[in-house]
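None of these values were measured; they are calculated from a predicted model. Atoms within each ligand, like the ligands themselves, are counted from 1 in listed order.
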Amino acid sequence: MTPAKENLLYEGKAKKVFSTQDPNLFIVSYKDDATAFNGVKKDTLEGKGALNNRISNLLMQELHKSAIPTHLIKELSSNETLVKKLEMFALEVIVRNFAAGSITKRLGIKEGEQFQTPILEFCYKNDALGDPMINQDHILALGLASQEQIQAISSLTLQINSILSDYFASMGILLVDFKLEFGKDGDGKICLGDEISPDTCRFWDAQTKQKLDKDRFREDLGDVVEAYEIILHKILSKASN
Ligand code: ADP
Ligand code: UDP
(Lines give C-alpha, C1' and ligand atoms only; values in the text may rest on other atoms or scores of the structure.)
(Ligands and ions follow the chains in the order given, each with its own letter.)
Protein backbone atom coordinates (compact mmCIF):
# COMPACT_ATOMS: atom_id res chain seq x y z
CA MET A 1 0.00 0.00 0.00
CA THR A 2 1.23 3.48 -0.84
CA PRO A 3 1.84 5.50 2.32
CA ALA A 4 -0.01 8.80 2.64
CA LYS A 5 1.54 12.24 3.16
CA GLU A 6 1.92 13.28 6.79
CA ASN A 7 3.77 16.51 7.58
CA LEU A 8 5.40 19.13 5.38
CA LEU A 9 9.05 18.83 6.44
CA TYR A 10 10.60 21.30 4.04
CA GLU A 11 9.54 23.73 1.36
CA GLY A 12 12.30 24.64 -1.06
CA LYS A 13 12.36 26.78 -4.17
CA ALA A 14 11.12 24.03 -6.51
CA LYS A 15 9.72 21.25 -4.35
CA LYS A 16 8.01 20.41 -1.06
CA VAL A 17 9.10 17.39 0.96
CA PHE A 18 6.57 15.51 3.10
CA SER A 19 7.00 12.76 5.66
CA THR A 20 4.79 9.68 5.25
CA GLN A 21 3.48 6.95 7.54
CA ASP A 22 6.57 4.98 6.56
CA PRO A 23 9.65 6.42 8.34
CA ASN A 24 11.88 5.42 5.40
CA LEU A 25 9.84 7.14 2.70
CA PHE A 26 9.16 10.75 1.74
CA ILE A 27 6.80 12.27 -0.82
CA VAL A 28 8.20 15.09 -2.94
CA SER A 29 5.79 17.50 -4.56
CA TYR A 30 7.03 19.53 -7.52
CA LYS A 31 5.96 23.19 -7.63
CA ASP A 32 5.34 25.42 -10.64
CA ASP A 33 7.58 28.12 -9.12
CA ALA A 34 10.64 29.10 -11.09
CA THR A 35 13.55 30.89 -9.44
CA ALA A 36 16.99 31.91 -10.66
CA PHE A 37 20.02 33.80 -9.41
CA ASN A 38 19.58 32.37 -5.91
CA GLY A 39 15.91 33.36 -5.69
CA VAL A 40 16.27 36.94 -6.98
CA LYS A 41 14.27 36.24 -10.18
CA LYS A 42 10.92 34.54 -9.59
CA ASP A 43 7.84 33.49 -11.55
CA THR A 44 5.17 30.81 -11.70
CA LEU A 45 5.17 28.63 -14.80
CA GLU A 46 2.05 26.51 -15.04
CA GLY A 47 2.85 22.88 -15.82
CA LYS A 48 6.56 23.08 -14.97
CA GLY A 49 6.23 21.01 -11.78
CA ALA A 50 4.47 18.14 -13.57
CA LEU A 51 7.00 18.18 -16.42
CA ASN A 52 9.98 18.04 -14.04
CA ASN A 53 8.35 15.28 -11.99
CA ARG A 54 7.79 13.16 -15.13
CA ILE A 55 11.19 13.89 -16.71
CA SER A 56 13.15 13.27 -13.52
CA ASN A 57 11.40 9.96 -12.88
CA LEU A 58 11.94 8.75 -16.47
CA LEU A 59 15.63 9.65 -16.25
CA MET A 60 16.05 7.93 -12.87
CA GLN A 61 14.35 4.82 -14.33
CA GLU A 62 16.88 4.95 -17.17
CA LEU A 63 19.69 5.08 -14.57
CA HIS A 64 18.21 2.07 -12.74
CA LYS A 65 18.81 0.03 -15.93
CA SER A 66 22.54 0.60 -15.30
CA ALA A 67 22.19 -0.21 -11.58
CA ILE A 68 22.66 3.40 -10.45
CA PRO A 69 20.92 3.68 -7.05
CA THR A 70 18.40 6.53 -6.85
CA HIS A 71 15.73 7.59 -4.37
CA LEU A 72 12.89 6.95 -6.87
CA ILE A 73 10.24 4.51 -5.63
CA LYS A 74 7.03 5.41 -7.48
CA GLU A 75 5.37 8.29 -9.31
CA LEU A 76 2.14 8.97 -7.42
CA SER A 77 0.51 11.73 -9.46
CA SER A 78 1.33 14.39 -12.02
CA ASN A 79 3.47 16.30 -9.56
CA GLU A 80 4.13 13.91 -6.65
CA THR A 81 6.61 11.08 -6.24
CA LEU A 82 7.29 8.60 -3.48
CA VAL A 83 11.03 8.51 -2.73
CA LYS A 84 13.44 6.87 -0.35
CA LYS A 85 14.24 9.16 2.56
CA LEU A 86 17.89 10.16 2.30
CA GLU A 87 20.22 11.96 4.63
CA MET A 88 21.42 14.48 2.07
CA PHE A 89 25.03 15.61 1.75
CA ALA A 90 25.18 19.43 1.80
CA LEU A 91 26.75 19.27 -1.64
CA GLU A 92 25.77 20.12 -5.18
CA VAL A 93 27.77 18.09 -7.67
CA ILE A 94 28.09 19.76 -11.06
CA VAL A 95 29.32 18.14 -14.27
CA ARG A 96 30.25 20.24 -17.30
CA ASN A 97 30.70 18.80 -20.78
CA PHE A 98 30.38 22.09 -22.70
CA ALA A 99 31.01 25.63 -21.45
CA ALA A 100 27.90 27.54 -20.33
CA GLY A 101 26.75 29.65 -17.41
CA SER A 102 29.06 30.71 -14.63
CA ILE A 103 32.21 29.00 -15.98
CA THR A 104 32.21 31.11 -19.16
CA LYS A 105 32.59 34.23 -17.02
CA ARG A 106 34.86 32.75 -14.37
CA LEU A 107 37.39 31.30 -16.83
CA GLY A 108 36.71 33.47 -19.88
CA ILE A 109 35.62 30.54 -22.07
CA LYS A 110 33.29 30.96 -25.03
CA GLU A 111 29.82 29.48 -24.52
CA GLY A 112 29.47 26.13 -26.28
CA GLU A 113 33.13 25.10 -26.21
CA GLN A 114 33.44 21.36 -25.57
CA PHE A 115 35.79 20.39 -22.74
CA GLN A 116 38.42 17.72 -23.45
CA THR A 117 37.17 15.77 -20.43
CA PRO A 118 34.07 16.29 -18.26
CA ILE A 119 34.67 18.74 -15.39
CA LEU A 120 33.44 17.78 -11.92
CA GLU A 121 32.75 20.60 -9.44
CA PHE A 122 31.44 20.58 -5.89
CA CYS A 123 29.44 23.39 -4.32
CA TYR A 124 28.54 23.77 -0.65
CA LYS A 125 24.70 23.67 -0.59
CA ASN A 126 24.02 26.81 1.41
CA ASP A 127 21.58 29.39 0.03
CA ALA A 128 22.72 32.11 2.46
CA LEU A 129 26.26 31.83 1.04
CA GLY A 130 25.07 31.44 -2.58
CA ASP A 131 26.24 27.79 -2.87
CA PRO A 132 29.99 28.55 -3.11
CA MET A 133 32.28 26.22 -5.06
CA ILE A 134 34.53 24.12 -2.78
CA ASN A 135 37.15 21.43 -3.30
CA GLN A 136 37.68 18.00 -1.73
CA ASP A 137 39.84 19.44 1.07
CA HIS A 138 37.01 21.79 2.06
CA ILE A 139 34.56 18.85 2.04
CA LEU A 140 36.84 16.82 4.34
CA ALA A 141 37.78 19.77 6.57
CA LEU A 142 34.13 20.78 7.06
CA GLY A 143 33.06 17.15 7.58
CA LEU A 144 30.56 17.30 4.71
CA ALA A 145 31.57 13.82 3.46
CA SER A 146 34.39 11.29 3.98
CA GLN A 147 37.10 10.48 1.45
CA GLU A 148 35.31 7.21 0.57
CA GLN A 149 32.00 9.02 0.17
CA ILE A 150 33.57 11.69 -2.09
CA GLN A 151 35.06 8.86 -4.15
CA ALA A 152 31.70 7.07 -4.42
CA ILE A 153 29.83 10.28 -5.28
CA SER A 154 32.41 11.22 -7.95
CA SER A 155 32.34 7.78 -9.51
CA LEU A 156 28.51 7.66 -9.61
CA THR A 157 28.41 11.18 -11.06
CA LEU A 158 30.78 10.33 -13.91
CA GLN A 159 28.82 7.13 -14.67
CA ILE A 160 25.57 9.13 -14.71
CA ASN A 161 27.17 11.68 -17.03
CA SER A 162 28.27 8.97 -19.43
CA ILE A 163 24.85 7.24 -19.43
CA LEU A 164 22.82 10.44 -19.82
CA SER A 165 25.17 12.07 -22.37
CA ASP A 166 24.79 9.02 -24.64
CA TYR A 167 21.06 8.79 -23.97
CA PHE A 168 20.43 12.42 -24.92
CA ALA A 169 22.89 12.34 -27.84
CA SER A 170 20.80 9.52 -29.33
CA MET A 171 17.84 11.94 -29.45
CA GLY A 172 19.78 14.86 -30.85
CA ILE A 173 20.27 16.68 -27.56
CA LEU A 174 23.56 17.87 -26.03
CA LEU A 175 23.84 17.40 -22.27
CA VAL A 176 25.80 20.61 -21.66
CA ASP A 177 26.01 20.51 -17.86
CA PHE A 178 23.94 19.48 -14.85
CA LYS A 179 23.73 19.37 -11.07
CA LEU A 180 23.18 16.31 -8.88
CA GLU A 181 22.54 15.81 -5.16
CA PHE A 182 23.27 12.62 -3.25
CA GLY A 183 22.32 11.25 0.15
CA LYS A 184 22.65 8.18 2.36
CA ASP A 185 19.73 5.77 2.78
CA GLY A 186 18.91 3.90 6.02
CA ASP A 187 21.61 1.32 5.25
CA GLY A 188 24.27 3.98 4.64
CA LYS A 189 24.18 3.35 0.88
CA ILE A 190 24.81 6.42 -1.29
CA CYS A 191 21.89 7.13 -3.62
CA LEU A 192 21.10 9.85 -6.11
CA GLY A 193 18.37 12.13 -4.72
CA ASP A 194 16.63 15.36 -5.65
CA GLU A 195 15.84 15.68 -9.39
CA ILE A 196 17.29 15.55 -12.89
CA SER A 197 15.28 17.91 -15.06
CA PRO A 198 15.53 20.95 -17.33
CA ASP A 199 15.68 22.96 -14.07
CA THR A 200 18.95 21.27 -13.13
CA CYS A 201 20.49 20.41 -16.52
CA ARG A 202 21.39 22.44 -19.58
CA PHE A 203 20.03 20.77 -22.73
CA TRP A 204 20.74 22.11 -26.21
CA ASP A 205 19.39 20.94 -29.54
CA ALA A 206 22.52 19.42 -31.10
CA GLN A 207 21.78 20.87 -34.54
CA THR A 208 20.38 24.34 -33.85
CA LYS A 209 21.92 24.83 -30.36
CA GLN A 210 18.49 25.99 -29.20
CA LYS A 211 18.36 26.08 -25.38
CA LEU A 212 15.76 23.67 -23.97
CA ASP A 213 16.18 24.25 -20.23
CA LYS A 214 15.96 26.78 -17.42
CA ASP A 215 18.25 29.20 -19.27
CA ARG A 216 15.09 30.13 -21.24
CA PHE A 217 13.79 31.52 -17.93
CA ARG A 218 17.14 32.91 -16.70
CA GLU A 219 17.76 34.73 -20.00
CA ASP A 220 14.12 35.74 -20.69
CA LEU A 221 14.04 33.72 -23.93
CA GLY A 222 10.33 32.79 -23.56
CA ASP A 223 8.60 29.44 -24.22
CA VAL A 224 10.07 27.89 -21.05
CA VAL A 225 7.36 25.27 -20.49
CA GLU A 226 7.28 24.52 -24.24
CA ALA A 227 11.03 23.74 -24.13
CA TYR A 228 10.56 21.37 -21.15
CA GLU A 229 7.74 19.70 -23.16
CA ILE A 230 10.13 19.12 -26.07
CA ILE A 231 12.53 17.32 -23.71
CA LEU A 232 9.71 15.14 -22.30
CA HIS A 233 8.42 14.28 -25.78
CA LYS A 234 11.90 13.29 -26.97
CA ILE A 235 12.33 11.00 -23.95
CA LEU A 236 8.87 9.47 -24.50
CA SER A 237 9.40 8.91 -28.20
CA LYS A 238 12.75 7.25 -27.52
CA ALA A 239 11.04 4.98 -24.97
CA SER A 240 8.37 3.96 -27.51
CA ASN A 241 10.94 3.05 -30.20
P1 ADP B 1 16.15 23.93 -2.65
O2 ADP B 1 16.32 23.33 -1.28
O3 ADP B 1 17.49 24.09 -3.34
O4 ADP B 1 15.29 25.14 -2.68
P5 ADP B 1 14.07 22.13 -3.68
O6 ADP B 1 12.95 23.11 -3.67
O7 ADP B 1 14.20 21.23 -4.86
O8 ADP B 1 15.50 22.80 -3.55
O9 ADP B 1 13.93 21.29 -2.37
C10 ADP B 1 14.05 19.93 -2.28
C11 ADP B 1 14.89 19.58 -1.07
O12 ADP B 1 14.75 18.22 -0.77
C13 ADP B 1 16.39 19.83 -1.32
O14 ADP B 1 16.93 20.46 -0.18
C15 ADP B 1 16.96 18.42 -1.49
O16 ADP B 1 18.29 18.33 -1.04
C17 ADP B 1 16.03 17.60 -0.62
N18 ADP B 1 15.85 16.22 -1.06
C19 ADP B 1 15.75 15.77 -2.34
N20 ADP B 1 15.58 14.43 -2.37
C21 ADP B 1 15.56 14.00 -1.08
C22 ADP B 1 15.41 12.72 -0.45
N23 ADP B 1 15.25 11.62 -1.14
N24 ADP B 1 15.46 12.67 0.91
C25 ADP B 1 15.65 13.81 1.64
N26 ADP B 1 15.76 15.04 1.11
C27 ADP B 1 15.73 15.15 -0.24
N1 UDP C 1 22.54 24.16 -11.19
C2 UDP C 1 21.42 23.82 -10.45
N3 UDP C 1 21.24 24.39 -9.23
C4 UDP C 1 22.13 25.27 -8.70
C5 UDP C 1 23.26 25.63 -9.46
C6 UDP C 1 23.44 25.05 -10.70
O7 UDP C 1 20.61 23.01 -10.90
O8 UDP C 1 21.91 25.75 -7.56
C9 UDP C 1 22.75 23.57 -12.52
C10 UDP C 1 22.47 24.54 -13.65
O11 UDP C 1 21.13 24.43 -14.09
C12 UDP C 1 23.43 24.08 -14.71
C13 UDP C 1 24.63 23.50 -13.94
O14 UDP C 1 24.12 23.21 -12.64
O15 UDP C 1 22.84 23.03 -15.47
C16 UDP C 1 25.83 24.42 -13.86
O17 UDP C 1 25.39 25.65 -13.37
P18 UDP C 1 26.27 26.98 -13.27
O19 UDP C 1 27.26 26.81 -12.18
O20 UDP C 1 26.79 27.37 -14.60
O21 UDP C 1 25.20 27.92 -12.75
P22 UDP C 1 24.63 29.27 -13.23
O23 UDP C 1 25.41 30.20 -12.39
O24 UDP C 1 24.83 29.42 -14.67
O25 UDP C 1 23.18 29.10 -12.83
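Between atom 5 (P) of ligand 1 and the options K16, K15, E92, the minimum heavy-atom separation is to K15. Nearest to atom 3 (N) of ligand 2 by heavy atom, out of R218, R202, R96, K179, is K179. For atom 8 (O) of ligand 1, the candidate residues are K13, E11, K184; the nearest heavy-atom contact is made by K13. Remark: among candidates E181, K13, E92, the nearest residue to atom 8 (O) of ligand 2 is E92, based on non-hydrogen atoms.
Ion pairing of K65 with E62 is present here, as a side-chain N (NZ or NE/NH1/NH2) and a carboxylate O approach within less than 4.0 Å. We find that K85 and D22 are not joined by a salt bridge, their nearest charged nitrogen and carboxylate oxygen being 4.0 Å or further apart. With salt bridges taken as basic N to acidic carboxylate O contacts below 4.0 Å, one links E181 and K179. A salt bridge links D215 with R202: the distance from a Lys NZ or Arg NE/NH1/NH2 to an Asp or Glu carboxylate oxygen falls below 4.0 Å. Contact check on D187 versus K84 returns no salt bridge, with no Lys/Arg side-chain nitrogen under 4.0 Å from an Asp/Glu carboxylate oxygen.
With respect to atom 6 (C) of ligand 2, the closest heavy atom belonging to the protein is I94 CD1, 4.1 Å. Scanning all protein heavy atoms for the shortest distance to atom 9 (O) of ligand 1 gives Y10 CE2, 3.4 Å. Looking only at protein heavy atoms, the nearest one to atom 12 (C) of ligand 2 is D177 OD1, 3.2 Å. Taking atom 6 (O) of ligand 1 as the reference point, the nearest protein heavy-atom neighbour is A14 N, 2.7 Å. The nearest heavy-atom contact from the protein to atom 21 (C) of ligand 1 is M88 SD, 3.7 Å.
Remark: K209 pairs with no residue by the side-chain hydrogen bond (donor to acceptor under 3.5 Å, both in side chains) rule, at least two apart or across chains.
Defined by atom type and a distance below 3.5 Å, a donor-acceptor pair is present between the side-chain atoms of N97 and N161. Side-chain N/O atoms of K238 and S170 include a donor and acceptor closer than 3.5 Å. Looking at R96 and S102, their side chains do bring a donor and an acceptor atom within 3.5 Å of each other.
Counting atoms of ligand 1 from 1 in the listed order, those under 4.0 Å from a heavy atom of K125 are 1 (P), 2 (O), 3 (O), 14 (O), 16 (O). Contact atoms of ligand 1 toward E181: 15 (C), 16 (O) (distance under 4.0 Å to a heavy atom of the residue). Taking a cut-off of under 4.0 Å to the non-hydrogen atoms of V83, the atoms of ligand 1 that pass are 23 (N). The contact set between ligand 1 and K84, taken as ligand atoms under 4.0 Å from a residue heavy atom, comprises 22 (C), 23 (N), 24 (N). Listed by number with element, the atoms of ligand 1 under 4.0 angstrom from any heavy atom of V17 are 12 (O). Contact atoms of ligand 1 toward D194: 7 (O), 10 (C), 13 (C), 15 (C), 19 (C), 20 (N) (distance under 4.0 Å to a heavy atom of the residue).
Remark: ligand 2 and S102 share an N or O pair separated by less than 3.5 Å (distance only, no angle test). At least one N or O atom of L86 sits closer than 3.5 Å to an N or O atom of ligand 1. The distance criterion of under 3.5 Å between nitrogen or oxygen atoms is not met by K85 with respect to ligand 1.
The structure places SG of C201 at 8.5 Å from CG of D213, a figure rounded to the nearest 0.5 Å.
More than 12 heavy atoms of other residues, nucleotides or ligands sit less than 6.0 Å from atom CD of E219.
No heavy atom of E87 sits closer than 4.0 Å to any atom of ligand 1.
Both the sub-6.0 Å distance and the 45° axial angle are not jointly satisfied by K48 relative to the ring of Y228.
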